[in-house]
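All values below come from the heavy atoms of this structure, side chains included, with hydrogens, waters and symmetry mates left out. Predicted model only: the values in this text are computed from it and were never measured. Every chain is numbered from 1, with letters handed out A, B, ... down the list of sequences.
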Amino acid sequence: MEKNDLIIHLTDICFSYPGSPPALDNLDLKLYKGDRIGLMGPNGSGKTSLFHIIMGLLKPSAGTIEIFNHPTVKEKDFRKVREKIGLLFQDADDQLFSPTVVEDVAFGPLNLGKSQDEAMDIARNTLNFLGLAGFEDRITYKLSGGEKKLVSLATVLAMEPEVLLLDEPTGGLDDRTKAALKDVLSNLDLSYILISHEIDFLADITNAIYTMEDGKILFDQELHVHQHVHAHPHGTYTHEHK
Amino acid sequence: MEKNDLIIHLTDICFSYPGSPPALDNLDLKLYKGDRIGLMGPNGSGKTSLFHIIMGLLKPSAGTIEIFNHPTVKEKDFRKVREKIGLLFQDADDQLFSPTVVEDVAFGPLNLGKSQDEAMDIARNTLNFLGLAGFEDRITYKLSGGEKKLVSLATVLAMEPEVLLLDEPTGGLDDRTKAALKDVLSNLDLSYILISHEIDFLADITNAIYTMEDGKILFDQELHVHQHVHAHPHGTYTHEHK
Amino acid sequence: MIEELSNGDSFIKRLDPRIKIVVVFLFSVVVAVSNQLPVLMLALALSLLIVLSAGVPTKEFLRRLIPVNMLIIFLWLFLPFTFAGKAAFFIGPLAVTHEGVLYATRITIKSNAMMLMLIALVASTPIFTMGHAMHELGIPKKIVHLFFFTYRYIHVMHREYARLLNSMKIRGFRPKTSLHTYKTFAYMVGMLLVRSFDRAQRVHNAMLCRGFKGNLYSLSKFSIKRRDVVSLVCMLTAIILLGVMEWKKTI
Amino acid sequence: MHISEGILSPAVLIGGAAITAAGVAVGMRGLDQKEIPSIGILSAAFFVASLIHVPAGPVSVHLILNGLVGLILGWKAFPAILVGLALQALLFQFGGITTLGVNTLNMALPAVVCYCLFGWGTRSGTGRYAFIFAAFASGFCAVLMAGILVGLSLYLTGEAFLPAAKLVVAAHLPVMFVEGILTAACALFLRKVRPEILEVAHAPD
Ligand SMILES: Nc1ncnc2c1ncn2[C@@H]1O[C@H](COP(=O)(O)OP(=O)(O)OP(=O)(O)O)[C@@H](O)[C@H]1O
Ligand SMILES: Nc1ncnc2c1ncn2[C@@H]1O[C@H](COP(=O)(O)OP(=O)(O)OP(=O)(O)O)[C@@H](O)[C@H]1O
Ligand SMILES: [Mg+2]
Ligand SMILES: [Mg+2]
């Protein structure tokens with residue numbers, strides 16, 4: 001691949017929370033333009049911490065971060081990064097804090113210096129794109145779990161990022177909402193890294209799956225496809241089969 | 001089945017949150033001794049509300065609740081119910097409020113009138129049973145997601161209930177912890193109702209799966225078993241196949 | 001993160017928390033009403049001795065003395081000039097009075113002595129144990145209860161605050177003196193409150209499910225041992241001695 | 001603003017502790033076990049607010065939020081603020097044991113006064129402008145009064161504190177505006193999202 005297709009380049013990243021064993025331990029990661037990477041790993045293996053390191057919400061104790069071929073060290077560098085990389089938090093409740101949906105979606109564009117009207121336009125368009133037209137004045141706090149995830153995604157997409165970091169976007173979602181989310185993601189023309197415990201979901205919408213264990217990414221994996229016996233009730237409750 | 005094997009009997013339960021459409025709508029449910037019921041349904045279909053109605057945390061606007069063949073209406077009736085039915089909350093953070101693990105697990109037995117020493121013994125034994133020996137003095141809010149779920153389960157089991165209501169016990173758990181949880185549940189000699197969005201998990205450890213939709217339980221379902229193509233990376237990250 | 005100050009094992013750590021609370025309270029009261037410089041110096045020496053024997057690292061307790069001394073430094077900017085008395089010397093046109101300097105010195109010693117004692121208490125007693133001990137000492141159950149709940153929610157809220165702050169950051173928010181900033185912070189506080197209110201309800205429900213009837217139980221049993229009695233007698237003697245010295249000289 | 005240990009005179013300390021004890025007693029009267037979690041939330045919010053810094057011109061100030069606590073809790077602000085301050089003393093050594101009474105009084109009395117003066121405005125059925133006015137006034141006045149009470153505590157300890165006391169009051173002036181705007185916006189948020197929080201009559205009847 002071309003050098004200027006390298007978007008995220010982490011080398012030897014170490015990080016630990018105060019008073020805890022290392023959460024990330026000499027971790028390396030490369031994300032090229034067009035990559036769609038799935039990331040799995042046991043609870044506590046450091047997946048969320050990795051995303052927060054990339055966004056500059058946590059500071060590594062060692063290692064280098066290069067994003068769009070620029071070394072990224074200071075808070076000022078990360079401010080630029082955050083305009084180009086969008087993060088969907090593991091818990092949608094962490095992402096939404098405005099009273100109404102449209103205010104929350106317009107918040108990012110406003111911070112990027114857009115005028116009130118432009119920001120509102122962007123917010124409306126993003127909501128339409130995600131099939132959330134009519135949600136503008138809904139109270140974010142009262143949305144259902146699935147709706148919260150989609151609105152959170154809208155707040156991120158409204159900033160028109162080039163890369164998405166998605167932290168367990170399917171957590172707690174029913175199969176219908178999961179299918180809707182899958183549709184949206186496969187129609188986006190973006191690079192992304194997606195954390196999930198659901199291998200089926202990852203296999204469908206990523207082109208590489210890495211696993212994390214004890215603060216490291218393991219690359220020596222191959223993707224196997226094999227038969228699996230699976231039971232479920234038929235009826236009104238739809239379930240997807242490929 | 002014998003009449004005195006009927007543990008939970010709900011008839012025509014209606015419930016709505018103030019200012020919202022009905023969350024439960026003429027719902028019927030019977031749980032017999034030995035039953036292991038799985039419950040699925042879209043987000044917002046009223047699964048959690050149903051559990052809270054059974055525990056007396058929400059009061060139905062219509063319908064009758066009979067538990068162990070006694071009509072259960074007042075707060076006083078529900079106090080007895082809560083000694084025999086244990087509820088695992090959807091969010092483990094709601095369940096754990098004591099500073100250390102052992103204090104949290106001993107909280108229930110103490111409320112049941114056990115002495116301090118007895119309560120400590122029960123707490124230790126329950127933790128051992130769940131493979132959590134050595135966790136006694138860990139700070140609850142510093143546990144990882146998976147550990148929190150297991151400790152929450154310990155707090156419920158320490159009350160020695162006859163029935164368990166488990167609200168998405170696998171939410172956000174990795175496959176290993178899920179397998180551990182599956183083991184624990186299949187070794188318990190209890191009746192339970194288990195909410196989950198994961199049909200594979202339900203199929204393995206329940207003997208009936210009901211679906212909920214719009215505040216009603218649908219019983220006209222059959223369990224089908226069929227082939228399913230499934231991909232995942234092989235390597236250090238273990239994944240169970242039956 | 002809000003962390004409790006806690007230290008390794010020490011003699012003081014093993015004392016009955018009720019004894020510690022009573023001693024620190026009486027000490028603080030006596031020092032608060034004292035005015036004799038020698039008495040205050042003795043009190044400071046005593047508190048320093050205790051904080052060191054509680055095993056608090058010097059760097060740690062010095063760091064914790066900073067907030068107290070900020071206000072003290074602020075007062076030093078005024079008191080030497082404004083306190084009526086004989087002028088000791090002049091800084092420009094301003095007279096520094098002898099009494100003013102003395103007064104500010106007394107306040108400084110008092111503050112630090114009382115704080116050191118409080119730090120020794122906090123470092124040797126977990127907050128929850130302190131709550132149970134206060135209950136045993138006659139603080140009403142409901143207040144102690146409120147104390148427990150608040151302590152638990154501080155952590156939950158502070159964590160949720162940190163997360164919402166991250167959410168604001170990743171969307172390019174930078175605090176400035178502007179209406180947008182204030183509105184954003186107000187929304188964040190509102191969201192914190194709303195979410196916490198619901199969580200409070202759910203936690204209360206979880207407690208009800210486990211048979212909670214409004215009673216508090218503690219797993220840590222308090223029992224007065226010989227070392228507690230000895231320490232209590234020693235400390236009471238020291239405090240009474242301080243009191244007597246103060247009283248003798250002022251009469 | 002917390003007054004540290006060792007500064008105030010015994011008379012001020014005792015007076016403060018006595019009035020606070022009375023206020024807490026009123027606040028605890030008829031308080032139901034069920035309400036303790038929600039009051040604990042407000043205590044925790046009061047505690048955490050002191051860790052939130054917002055810019056005000058060239059400096060940054062931390063939030064106080066005693067006006068908001070007052071609007072929501074009424075007289076129950078006394079026990080709530082007492083516990084919040086006790087925990088600040090224990091965890092950060094802000095304030096202290098003997099000053100707990102005075103410090104609580106300085107924060108909680110303004111909260112209750114604002115509740116009595118402006119509480120009507122944030123109940124249901126108030127027009128939008130009256131609502132905003134009442135919430136703003138509550139945040140503004142609660143800080144103003146707290147500043148005055150802190151100054152007064154110092155002044156009553158000795159005449160020599162007068163200039164310092166004046167400066168303390170002056171330092172509260174920019175904070176007043178920030179708190180007023182924040183309280184108004186926050187109350188609007190609550191009214192839109194969860195009006196019950198403002199409605200719950202936490203005040204004793
Ligand atoms: N705020 C925190 N303070 C201290 N330790 C933390 C904190 N957040 C996470 N940890 C610890 O750091 C390690 C990595 O956590 P992280 O959240 O990155 O894991 P994860 O892979 O995202 O897990 P999960 O699948 O449960 O989301 C864990 O051991 C966790 O307990
Ligand atoms: N505290 C509440 N106040 C108002 N409405 C609520 C509250 N809790 C739930 N609801 C609403 O009641 C309905 C049923 O909610 P419930 O939590 O029982 O659904 P659920 O089936 O458990 O969903 P999930 O799979 O997301 O957990 C939903 O429409 C939800 O928005
Ligand atoms: Mg994670
Ligand atoms: Mg639910």
Side-chain angles (χ1 to χ4, degrees), chain C residues 2 4 24-25 28-29 31-33 64 67-68 71-72 74-75 78-79 82-84 100 103 107 110-111 114-115 118-119 122 127 130 140 142-143 145-147 149-151 153-154 157-158 161 175-177 179 181-183 185-187 189-194 196-197 200-201 203-204 214, chain D residues 3-7 10 13 24 28 31 33-34 36-45 47-49 51-52 54-57 63 65 68 79-80 82-84 86-87 89-94 96-98 158-164 178 181-186 188-190 193-194 197:
Chain C
I2 305 153
E4 269 184 62
V24 173
F25 180 74
S28 299
V29 169
V31 174
V33 300
R64 282 170 183 264
V68 187
L71 183 62
I72 304 280
F74 171 73
L75 291 177
F78 292 92
L79 290 177
T82 54
F83 205 86
Y103 187 67
I107 286 183
K110 264 195 205 187
S111 278
M114 289 157 89
M115 271 306 148
L118 183 61
I119 291 172
V122 175
I127 298 277
M130 203 113 67
K142 280 180 186 164
I143 299 235
H145 220 116
L146 183 60
F147 179 86
F149 261 102
T150 306
Y151 180 58
Y153 287 136
I154 283 170
M157 271 200 155
H158 191 254
Y161 161 63
K176 296 188 206 76
T177 304
L179 215 53
T181 297
Y182 294 148
K183 199 174 86 175
F185 273 105
Y187 284 175
V189 170
M191 192 50 105
L192 270 180
L193 276 178
V194 169
S196 307
F197 256 97
Q201 203 52 55
V203 170
H204 188 70
Chain D
I3 303 178
S4 323
E5 298 272 55
I7 293 168
L13 291 175
V24 171
M28 297 298 283
L31 185 135
Q33 178 70 44
K34 273 216 295 269
I36 288 181
S38 11
I39 298 174
I41 283 299
L42 266 296
S43 301
F47 181 106
V48 172
L51 303 174
I52 301 179
V54 299
L63 301 182
L65 293 189
L68 189 67
L82 174 80
V83 168
L87 278 164
L90 292 177
L91 288 167
F92 303 139
Q93 286 79 54
F94 293 166
I97 297 180
T98 60
E159 297 265 346
F161 282 99
L162 189 57
V178 174
I181 297 169
L182 255 137
T183 306
C186 191
L188 275 175
F189 178 97
L190 293 177
V193 174
R194 218 49 213 289
I197 292 181

Which portion of [X] sits near chain C, non-hydrogen atoms under 4.5 angstrom:
X       : answer
L63(D)  : side chain
T98(D)  : side chain
L182(D) : both

Part of [X] within contact of chain D (heavy atom distance under 4.5 Å):
X       : result
T181(C) : side chain
V31(C)  : neither
L146(C) : both
I143(C) : both
Y161(C) : side chain
Y153(C) : both

Based on non-hydrogen pairs under 4.5 Å, which of [options] is most in contact with chain C?
options                        : answer
P37(D), P10(D), A89(D), G96(D) : P37(D)
G6(D), A56(D), P163(D)         : G6(D)
A80(D), A185(D), P55(D)        : P55(D)

Problem - M28(D) backbone acceptor or donor facing K142(C) side chain under 3.5 Å - result: no

Handout entry: Expected output: side-chain R194(D) to main-chain M191(C) donor-acceptor under 3.5 Å
Key =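 Not confirmed, R194(D) side chain does not pair with M191(C) backbone.
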
Exercise for the section: Using a 4.5 Å cut-off on heavy atoms from C-beta on, say whether the side chain of F197(C) contacts that of L42(D). Expected result: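 Yes - at least one pair of side-chain heavy atoms lies under 4.5 Å apart.
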
Handout entry: Side chain to side chain, V29(C) and I97(D), heavy atoms closer than 4.5 Å
Key = no

Exercise for the section: Please work out which of the three classes, parallel, tilted or perpendicular, describes the rings of Y103(C) and F161(D), given edges at 30° and 60°. Expected result: perpendicular

